Amino acid sequence: EAGVVQSPRYKIIEKKQPVAFWCNPISGHNTLYWYRQNLGQGPELLIRYENEEAVDDSQLPKDRFSAERLKGVDSTLKIQPAELGDSAVYLCASSRQGANYGYTFGSGTRLTVV
Amino acid sequence: KQEVTQIPAALSVPEGENLVLNCSFTDSAIYNLQWFRQDPGKGLTSLLLIQSSQREQTSGRLNASLDKSSGRSTLYIAASQPGDSATYLCAVRGTSGGSYIPTFGRGTSLIVHP
């Protein structure tokens, strides 16, 4: 089966500019996660989707971050405007619905804000 | 709030040694624990998934154990090889308000030198 696909792999933008990341989960995986990983840290959950419904978004900075998962498949994470502190790796993961399943991660998008 | 700690933070060993990586968590009300490997600049690759009802899982030279009551898991790597060099992360899927909150440790950075 195809894995979790993320794009772009790398992105360099100036501060105050907008940026968007895209994720295509594994077919049949109803649950989708967006994580942010800073250098030397573990991933931190930004938002979790169950199908097209956003849940567990308490760590998402809603003043500048937004996410959507139309039709419960692909998802987009947007930052507008970007700040220097947003530089990190943004990881997307998916899993089957339910507590007993593990996660599959994409390769991530490395964002550098200059 | 679930907290996950991984010890040691970094480890450098000669090829051929048997290794133990540790993961501890503060809330024992978990569904499962998953070990991942992360190569530099890459996403996370799943190694082993242990359900809360299980004591251990094995895959090749890897063995992961889980002691839910004491909030501990260990990843045992037998006969380490230079190709095992990577960061190893554990993720705990617990419960919070009825949802499945995955929490990561910061990882153990492993270097196996020839």
Side-chain angles (χ1 to χ4, degrees), chain A residues 1 3-11 21 23-26 29-50 53-60 88-112, chain B residues 1-10 21 23-25 29-54 57 59 64 66 68 73 86-109:
Chain A
E1 78 185 346
V4 176
V5 180
Q6 288 189 248
S7 68
R9 284 285 285 124
Y10 305 95
K11 191 74 176 179
F21 314 124
C23 174
N24 179 243
I26 291 175
H29 282 195
N30 295 329
T31 306
L32 184 146
Y33 310 80
W34 281 103
Y35 283 88
R36 176 168 60 187
Q37 186 178 25
N38 293 307
L39 189 64
Q41 306 289 319
E44 295 180 330
L45 182 69
L46 291 173
I47 189 169
R48 173 172 70 93
Y49 280 92
E50 293 290 347
E53 182 181 1
V55 297
D56 296 326
D57 62 351
S58 60
Q59 300 302 312
L60 189 72
V89 176
Y90 291 83
L91 295 162
C92 178
S94 69
S95 70
R96 294 190 183 276
Q97 201 164 23
N100 294 330
Y101 296 100
Y103 324 99
T104 302
F105 278 81
S107 298
T109 296
R110 180 175 294 277
L111 172 67
T112 301
Chain B
K1 180 183 176 183
Q2 178 76 271
E3 293 184 3
V4 179
T5 303
Q6 290 189 244
I7 295 174
L21 307 182
C23 172
S24 62
F25 45 96
I30 67 169
Y31 288 109
N32 55 45
L33 183 146
Q34 193 166 358
W35 282 94
F36 292 89
R37 167 188 174 136
Q38 187 173 32
D39 293 285
K42 302 289 182 62
L44 280 67
T45 301
S46 179
L47 297 174
L48 291 165
L49 172 67
I50 311 177
Q51 301 297 339
S52 61
S53 59
Q54 298 174 324
Q57 284 285 338
S59 176
L66 175 64
K68 195 175 73 168
S73 176
T87 297
Y88 291 80
L89 296 131
C90 68
V92 174
R93 176 172 268 186
T95 61
S96 175
S99 62
Y100 315 133
I101 304 296
T103 304
F104 280 82
R106 292 188 174 187
T108 294
S109 177

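The model shown is predicted, which means the values in this text are computed figures rather than measured ones.
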Do you know which two heavy atoms are closest between B:Pro102 and A:Leu45, and how far apart they sit? CD-CD2, 4.2 Å

Which region of A:Gln37, side chain (C-beta onward) or backbone (N, CA, C, O), has a non-hydrogen atom less than 4.5 Å from a non-hydrogen atom of chain B, or is it both or neither? side chain

Evaluate whether atom CD of A:Glu44 has more than 12 neighbouring non-hydrogen atoms of other residues, nucleotides or ligands under 6.0 angstrom away. no

Using only non-hydrogen atoms and a strict under-4.5 angstrom cutoff, which residues of residues 45-52 of chain B touch chain A? B:Ser46, B:Leu49, B:Gln51

B:Gln6 portion near chain A, given a 4.5 angstrom heavy-atom threshold: neither

What are the two closest non-hydrogen atoms of B:Leu89 and A:Pro43, and how far apart are they? CD2-CD, 4.1 Å

Heavy-atom closest contact (B:Arg93 atom, A:Tyr101 atom, distance): NH1-O, 2.8 Å

Which portion of B:Leu44 sits near chain A, non-hydrogen atoms under 4.5 angstrom: both

Does the pair A:Ser95 and B:Gln34 meet the rule for a side chain to side chain contact (heavy atoms under 4.5 Å, CB included), with working shown? CA-CA 13 Å; A:Ser95 70; B:Gln34 193 166 358; over 6 Å; no

Tell me if the aromatic rings of B:Phe104 and A:Tyr33 count as close, with their centers under 6.0 Å from one another. no

B:Gln54, CD atom: more than 12 neighbouring heavy atoms under 6.0 Å: yes

Run the side-chain contact (heavy atoms from CB on, under 4.5 Å) test against B:Ala9 and tell me which residues pass, sequence neighbours left out. none

